[in-house]
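So the structure is just underneath, and the comments pick up after that.
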Amino acid sequence: MAGEVVAVGADVKNWKVGDRVCANFATGHLFGSPTRASIKTGLGGQIDGVLTEFRAFPANSLVSIPSHLSYEEASTLPCAALTAYNALNGPVPIKAGDYVLVLGTGGVSIHALQFAVAAGAVVIATSSSDKKLKVAAKLGAKHLINYKSCPEWEKEVLKFTNGEGVDHVIEVGGQGTLPRSITSTKPGGQVHLIGFVSQESNDAGSLVLGAIADAITLRGIQIGSVAQFINMNKMISAHPQITRPCIDRVFPFEQAKEAYSYLISQAHVGKVVIKVAKD
C-alpha cells in the first residue's frame with residue numbers, strides 16, 4: 001500500500017495532509033519480534049486490506065515513501081520488499097561477499113536479489129524460464145539456474161560456491177524445494193522460510209537431519225516491523241538504482257480480478273500492482 005495522507009486526527013503530530021506514505025503490513029508490529037497481537041493486525045489477512053481508495057491507519061504504522069519512488073513502486077515495499085529485507089538483515093545479517101540463493105523471480109525473490117546486490121553479495125537465481133533469468137541477470141544476479149533443465153539445481157549451487165554452499169537462501173517453494181535448499185546451504189547458514197509455491201512433496205525427516213547435520217538455521221519470516229521498514233527505506237534511498245522496485249504490470253482498479261489471475265499464473269517477474277486512485 002502506498003498513498004497520500006488526506007486527513008489526520010486531532011492528536012497526530014508526525015503527519016500532515018499531502019504526505020506520501022506506506023502503511024506497514026502488520027499495523028501493530030512496530031519493532032522487535034512479532035507478537036500474537038501484532039500478527040493479528042496483518043492487512044488483507046486478519047484485518048481488512050488495502051484494495052480501497054480511502055482507509056484509516058494508526059499514525060505509528062506509517063512510514064515516509066523514499067522521494068525518488070512513485071506510488072506504484074512504493075506500493076511494493078510493505079510486503080514483498082520488507083519480507084526480503086527482514087530475511088537478509090535478521091540475527092545473521094548479510095555482508096559483502098556472501099552468497100545468496102533466491103528461488104524464483106517473484107516479488108520477494110526479486111527484492112532480495114536487489115538488496116543482496118546492494119550489500120555486495122553474490123546472487124544465484126533460479127527460475128523455470130530462461131527469459132526470466134535474463135531479467136535476473138540484468139538486476140545483478142551472477143549465477144543463473146533453470147530448474148526445469150537442471151532439476152538437481154542444488155548441485156549447481158554447490159559448484160558455484162566451490163562446494164561450500166550459500167550463506168542465505170530465500171526459500172519460497174516450501175516442502176517441494178526445502179531439501180534442496182538445505183543441501184545448498186553452507187554449515188551455519190540461514191534458510192529463510194517465506195512461501196510454499198512448489199507443488200512437490202518430500203519427506204520431512206530428511207529436512208530435520210540436513211538442518212542438524214550442518215547446523216543450518218530455518219527461520220520463518222513474518223514480514224517485518226515499522227522500525228525495519230524505516231531502515232530499509234534508508235538503504236533504498238542510498239542505492240536508488242540498484243534497489244528500484246521491479247514492476248511487471250500495473251492494472252487499474254477495474255481490472256483487479258484480472259490482476260489476481262495474472263499473479264496466480266506466475267507469468268510475472270517482480271511485482272504486480274493495482275492502481276486504485278485516478279490521477
Side-chain angles (χ1 to χ4, degrees), residues 25-26 29 31-36 38-39 42 45 79-95 97-116 119 121-127 141 143 145 147 151-161 163-225 227-228 231-232:
F25 182 86
H29 189 187
F31 57 87
S33 297
T35 64
R36 297 292 183 192
S38 71
I39 289 172
C79 188
L82 189 55
T83 298
Y85 182 84
N86 184 5
L88 295 175
N89 292 275
V92 182
I94 189 173
K95 61 185 183 298
D98 279 356
Y99 279 91
V100 177
L101 171 63
V102 298
L103 303 189
T105 53
V108 174
S109 295
I110 290 295
H111 275 296
L113 187 167
Q114 294 172 295
F115 293 165
V122 179
V123 177
I124 303 170
T126 74
S127 176
H143 302 292
I145 305 173
Y147 61 78
E152 294 183 324
W153 47 264
E154 73 280 12
K155 295 181 179 179
E156 292 300 305
V157 173
L158 292 175
K159 287 180 183 178
F160 291 142
T161 58
E164 288 297 314
V166 300
D167 299 271
H168 295 270
V169 180
I170 302 301
E171 170 52 71
V172 300
Q175 64 178 6
T177 55
L178 188 52
R180 298 187 192 279
S181 290
I182 290 174
T183 301
S184 300
T185 305
K186 68 184 293 186
Q190 308 284 305
V191 178
H192 308 288
L193 306 177
I194 294 164
F196 39 87
V197 298
S198 174
Q199 301 300 312
E200 297 180 27
S201 177
N202 285 287
D203 175 28
S206 63
L207 307 182
V208 175
L209 178 60
I212 293 173
D214 283 336
I216 291 168
T217 298
L218 305 181
R219 178 174 175 247
I221 305 299
Q222 181 62 242
I223 319 296
S225 68
Q228 288 174 309
N231 288 334
M232 177 184 72

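To the nearest 0.5 Å, the span separating OG on S225 from CZ on F31 amounts to 9.0 Å. Between E171 atom CD and S109 atom OG the span is 9.0 Å, to the nearest 0.5 Å. Here I221 contributes atom CD1 and N86 contributes atom CG; the two are 4.5 Å apart, rounded to the nearest 0.5 Å. Distance check, rounded to the nearest 0.5 Å: NZ of K155 to CD1 of I145 gives 13.0 Å. Atoms CZ and CD, on R180 and E156 in that order, are 12.0 Å from each other to the nearest 0.5 Å. With rounding to the nearest 0.5 Å, the separation of CG in D167 from CG in L101 is 11.0 Å.
When all heavy atoms of E154 and P151 are compared, the closest pair comes out as OE1-O, 4.3 Å. The minimum heavy-atom distance linking P179 with Q175 is given by the pair CD-O, 3.5 Å. Of all heavy-atom pairs spanning A112 and V102, the tightest one is CB-CG1, 4.1 Å. Annotation for V157 and S184: closest pair CG1-CB, 3.7 Å, computed over non-hydrogen atoms. Listed here is the closest heavy atom pair of I124 and Y99: CD1-CD2, 4.2 Å. The two atoms that bring G107 and A80 nearest to each other are C-CB, 3.8 Å, heavy atoms only.
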Show, in sequence, the C-alpha distance, side-chain angles and deciding distance for L113 and T105, and conclude whether the side-chain contact (heavy atoms from CB on, under 4.5 Å) test is met.
CA-CA 9 Å; L113 187 167; T105 53; over 6 Å; no
Please determine whether side-chain contact (heavy atoms from CB on, under 4.5 Å) holds for the pair L103 and Y147, giving the CA-CA distance in whole Å, both sets of side-chain angles, and the decisive distance to 0.1 Å.
CA-CA 10 Å; L103 303 189; Y147 61 78; over 6 Å; no
Derivation of the side-chain contact (heavy atoms from CB on, under 4.5 Å) call for I170 and L88
CA-CA 9 Å; I170 302 301; L88 295 175; 4.1 Å; yes
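Salt-bridge formation is not detected for the pair D214/K186: no Lys NZ or Arg NE/NH1/NH2 atom is positioned less than 4.0 Å from an Asp or Glu carboxylate oxygen.
Counting only heavy atoms from C-beta outward, the side chains of I182 and L218 approach each other to under 4.5 Å. Within the 4.5 Å cutoff, the side chain of V100 has no heavy atoms near those of the F115 side chain. Looking at L82 and Q228, their side chains come closer than 4.5 Å, going by heavy atoms from C-beta outward. Put simply, the side chain of I223 does not reach to within 4.5 Å of the side chain of H29, judged on heavy atoms. Side-chain contact between I39 and Q222 is present, with at least one heavy-atom pair separated by less than 4.5 Å. Between V122 and F160 the shortest side-chain heavy-atom distance does not fall below 4.5 Å. Between W153 and T177 there is a side-chain heavy-atom pair separated by less than 4.5 Å.
A donor-acceptor pair is defined here as one N or O able to donate and one able to accept, closer than 3.5 Å; no such pair exists between the side chain of D98 and the backbone of A121. Side chain of H192 to main chain of A87: a donor-acceptor pair is present (N/O by atom type, distance under 3.5 Å, no hydrogens or angles). Not a single donor-acceptor pair under 3.5 Å links the side chain of E164 to the backbone N or O of T161. Side chain of T126 to backbone of G104: a donor-acceptor contact under 3.5 angstrom is found.
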